[in-house]
Amino acid sequence: MGTDRSTLLVTAIFILAVVSVPKFNLTAVAALGAFPVYLCTSSGIPPGRISGRLLKLSPFILFMAAGNILFDRAPVMELMGASVTGGMLSATVILAKTMVTLAALLSLTHTMPFHRMCRALSALRLPEVLVTQLILLYRYSSLLQQEAASMQKARDLRSFGRRGKELRRTAPLLGSLLLRTTGRAERIYKAMNARGFSGNLTFQKPEAFTARELAFAGLWALGFMTVRLIF
Amino acid sequence: MHMADALVSPVVGGVFWALSSTLIGWSAKKITEENDPKRTPLMGVLGAFILAAQMINFSIPGTGSSGHLGGGLLLAALLGPHRAFITLSSVLIIQSLFLADGGVLALGCNMFNIAFFPVFIAYPFFFRPLAGAAAPPFRLAAASMIAATAGLLLGASSVVVQTTLSGISELPFSTFLLFMLPIHLAIGMVEGMATWAVLSFILNRAPALLTGEKQPAIPPLVPAAVAIAALLTVTLLSPFASSAPDGLEWSIKRTGKTIAVQGKSEPGTPASAIAGATLLIVAAGGAGLALRRSRRERSA
């Protein structure tokens, strides 16, 4: 078993392996899909939780895939009597790559608590300022999102269709949220200061990779490389 | 405007990772030198504010659509460029990890397109000179609109350059650029108006938030040098990204005609590859289940 930082490293190597697949090689992407499947089954994540999110692809990705179908119409193969164009194949590869990389990332975030991920990032020598920022952002994003949702609901209840939702009505809402946010920052600073805060939520000093961690990452990298060579 | 892993080549992704990491390291160094721990929680909650503010939509007159605040320029005005870059980068990391917006390899590109341009180019070179120190309403409006639009147009152009250099999309450079720029011009104007509206509100209610903060000056050459280095490095390295075509690409180039799938189980044909990939997925799923069961038995 690997440590958290070696797991992050393996995920990054995996994403690099998927991204390195040439644009017409669908089977290689499908074969690499074995990794997120392994992550899901070994950790017991309900498949519906990951697959539900995967189906909501960003419009930008769909636009790029559609662009390939439109601009590359040269037939490259026949499948059960039907002609398949290069654009259809490369568009499918774009969608498959997106799904496979997202599945790996979502599996990782479902299995590794965020504070452990931050500790692992710190151990990977990410600047302490950024790690502290990530911890604070993660901690307060759900609180502020609840507050924003309540404000939006209150505004919508007082609006009629689109009237009342214009920018001139919404800007004071955003401004108020911002002022409340800065007020909250003052209180947080006082509370943190009282507990000995000096600028960073410090972790242990980063240590060199152990032989076991290197072996763990190396074996997975070898596996991904083998799949890339075979397919 | 978030780039995804599937749209960037390893070389382009790697180059922009290196550039964005350099900017993060530089910004972190500047923040550490400032030694102002009071602003650390402010950065954290303002990052959370940006995520929350993006949930609040407002209607855009005459279009039937709605928009939301992006926040890059607003953060730069509140925190200064270095802290704003770290804050926006952290927002992008959270979005890529938990909201599946963007990706890990594309993170460097996204930090460059979404954080670098508004914070290190639009803010110091457009917003600050235009808004001036006193920021009267008209100048603030003009500065917000011009700076937000410039930041978004530069970011959108960078997306087109990165995508074209990656060689994954078939969209021609000029077609893609002509598609992206008008859309982002409109988005930039909406972003500018939203930024101006929020900044005006703050100037009325809590002007100290904008004028009382320390905002370190950026040597003008630094961001310009990074932008030029980005373009040069990618242009020089991109030929290596696609120098080795895969089998199918090679065949298409060579024969110039339709390739028929043989469908038999000959080595290397798609039929055998599909069967192999399916087997691998099933085996991986089985191995995962077996590992979980053995763990459960050991803990029982």
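Throughout, protein chains are lettered first and strands after them, A, B, ... in sequence-line order, and every chain is numbered starting at 1.
- A donor-acceptor pair under 3.5 Å is absent between the side-chain atoms of A/Ser42 and the main chain of B/Gly288, judged by distance alone.
- Only the side chain of A/Thr170 comes within contact range of chain B, with at least one heavy atom under 4.5 Å from a heavy atom of that chain.
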Check your understanding: Can B/Leu46 and A/Leu178 be said to form a side chain to side chain contact (heavy atoms under 4.5 Å, CB included), step by step?
Key -> CA-CA 8 Å; B/Leu46 280 179; A/Leu178 182 62; 3.3 Å; yes
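- Between chain A and the options B/Ala194, B/Gly25, B/Ala283, B/Ser89, the largest number of non-hydrogen pairs under 4.5 Å is found for B/Ala194.
- In this structure, the portions of A/Ser20 lying under 4.5 Å from any heavy atom of chain B include both its backbone and its side chain.
- Under the 3.5 Å distance criterion, the side-chain polar atoms of A/Gln152 are matched with a main-chain donor or acceptor of B/Met55.
- B/Gly102 and A/Leu102 get closest at one heavy-atom pair: O-CD2, 4.2 Å.
- The two atoms that bring B/Ala48 and A/Leu137 nearest to each other are N-CD1, 3.1 Å, heavy atoms only.
- Residue A/Ile69 does not touch chain B at all, counting heavy-atom pairs closer than 4.5 Å.
- Applying the 6.0 Å contact sphere to CZ of A/Arg116 captures more than 12 heavy atoms from other residues, nucleotides or ligands.
- Of all the listed residues (B/Ile31, B/Ile24, B/Thr87), the one sharing the greatest number of non-hydrogen pairs under 4.5 Å with chain A is B/Thr87.
- Closest non-hydrogen pair, B/Val8 versus A/Val19, comes out as O-CG1, 2.9 Å.
- Contacts of A/Val29 with chain B are absent, with no heavy-atom separation under 4.5 Å from either backbone or side chain.
- Between the CG atom in B/Leu99 and the CG atom in A/Leu105 there is a gap of 11.5 Å [rounded to 0.5 Å].
- If you measure heavy-atom distances from A/Ala74 to chain B, you find no contacts under 4.5 Å at all.
- Interface remark: B/Leu97 contributes backbone and side-chain atoms alike to the contact with chain A (heavy atom separation under 4.5 Å).
- Taking all atoms of both residues into account, the shortest heavy-atom contact from A/Arg155 to B/Phe58 is NH1-CA, 4.2 Å.
- In this structure, the side chains of A/Thr11 and B/Val104 stay at 4.5 Å or more apart for every pair of heavy atoms.
- Partner of B/Val198 under the side-chain contact (heavy atoms from CB on, under 4.5 Å) criterion, out of A/Leu173, A/Leu174, A/Leu167: A/Leu174 alone.
- Heavy-atom pairs under 4.5 Å with chain A peak, among B/Leu51, B/Thr175, B/Leu199, B/Thr32, at B/Leu51.
- Taking chain A as the reference chain and counting heavy-atom pairs below 4.5 Å, the highest number among B/Ala53, B/Gly14, B/Pro172, B/Ala206 is found for B/Pro172.
- Ranked by heavy-atom pairs under 4.5 Å with chain A, the first of B/Ser21, B/Gly47, B/Pro41 is B/Pro41.
- Side chain of B/Glu170 to backbone of A/Leu70: no donor-acceptor contact under 3.5 angstrom is found.
- Only the side chain of B/Phe201 comes within contact range of chain A, judged by heavy atoms closer than 4.5 Å.
- Screening A/Thr182, A/Thr181, A/Leu136, A/Ile188 for a side-chain contact (heavy atoms from CB on, under 4.5 Å) with B/Leu42, the sole residue that qualifies is A/Thr182.
- Shortest non-hydrogen contact noted between A/Ala34 and B/Ala284 is O-CB, 3.2 Å.
- The candidate from A/Asp72, A/Thr98, A/Leu126 with the greatest count of non-hydrogen atom pairs under 4.5 Å with chain B is A/Asp72.
- Contact check for B/Ile93 versus A/Leu134: side-chain heavy atoms found under the 4.5 Å cut-off.
- In this structure, A/Gln133 contributes its side chain and B/Met43 its backbone to a donor-acceptor pair below 3.5 Å.
- Using a 4.5 Å cut-off between heavy atoms, B/Leu279 does not touch chain A at all.
- Remark: B/Arg292 CZ is packed, more than 12 non-hydrogen atoms of other residues, nucleotides or ligands lying under 6.0 Å away.
- If you measure heavy-atom distances from A/Ile15 to chain B, the contacts under 4.5 Å come from the side chain alone.
- A heavy-atom distance below 4.5 Å is not found between the side chains of B/Leu280 and A/Phe35.
- The shortest heavy-atom contact between B/Ile281 and A/Gly33 is CG1-C, 4.4 Å.
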Practice item. For A/Leu106 and B/Phe98, run side chain to side chain contact (heavy atoms under 4.5 Å, CB included): C-alpha distance rounded to whole Å, both residues' side-chain angles, the deciding distance at 0.1 Å, then the answer. Key: CA-CA 7 Å; A/Leu106 291 172; B/Phe98 295 97; over 6 Å; no
Review point. Does the side chain to side chain contact (heavy atoms under 4.5 Å, CB included) test come out yes or no for A/Met64 and B/Thr163, once each step is laid out?
Key: CA-CA 10 Å; A/Met64 298 306 287; B/Thr163 311; 3.2 Å; yes
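- Rounding to the nearest 0.5 Å gives a distance of 13.5 Å between CE of A/Met192 and NZ of B/Lys38.
- Once rounded to the nearest 0.5 Å, the distance linking OG of B/Ser169 with NZ of A/Lys23 reads 8.0 Å.
- The most heavy-atom pairs under 4.5 Å with chain B, out of A/Ala96, A/Pro127, A/Gly44, A/Ser142, come from A/Gly44.
- In this structure, chain A has a heavy atom under 4.5 Å from the backbone of B/Ser96, while its side chain stays farther away.
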Review point. Stepwise, does the side chain to side chain contact (heavy atoms under 4.5 Å, CB included) test hold for A/Tyr140 with B/Phe49?
Key: CA-CA 9 Å; A/Tyr140 289 102; B/Phe49 163 78; over 6 Å; no
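- Between A/Phe60 and B/Leu7 there is a side-chain heavy-atom pair separated by less than 4.5 Å.
- Annotation: B/Phe179 is in aromatic contact with A/Phe63 [ring centroid separation under 6.0 Å].
- Crowding of A/Met112 atom CE: a count of heavy atoms from other residues, nucleotides or ligands under 6.0 Å exceeding 12.
- Note that OG1 of B/Thr40 and CD1 of A/Ile135 are 12.0 Å apart. Values are rounded to the nearest 0.5 Å.
- Contacts between A/Ser176 and chain B at a heavy-atom distance below 4.5 Å involve backbone atoms as well as side-chain atoms.
- There is no contact between A/Met99 and chain B, counting heavy-atom distances below 4.5 Å.
- The backbone N or O of B/Ile168 lies less than 3.5 Å from a partner atom in the side chain of A/Asn68, making a donor-acceptor pair.
- No part of B/Ser200 comes within reach of chain A, as not one of its non-hydrogen atoms sits under 4.5 angstrom from that chain.
- If you measure heavy-atom distances from A/Glu186 to chain B, the contacts under 4.5 Å come from the side chain alone.
- Heavy-atom distances place both the backbone and the side chain of A/Pro172 under 4.5 Å from chain B.
- Neither the backbone nor the side chain of B/Val282 comes within contact range of chain A; no heavy atoms are under 4.5 Å apart.
- Only the side chain of B/Ile202 comes within contact range of chain A, judged by heavy atoms closer than 4.5 Å.
- With a 4.5 Å cut-off on non-hydrogen atoms, B/Ile56 touches chain A through its backbone and its side chain both.
- Contacts with chain A were tallied for B/Thr278, B/Ile86, B/Leu74; B/Ile86 has the most, counting heavy-atom pairs under 4.5 Å.
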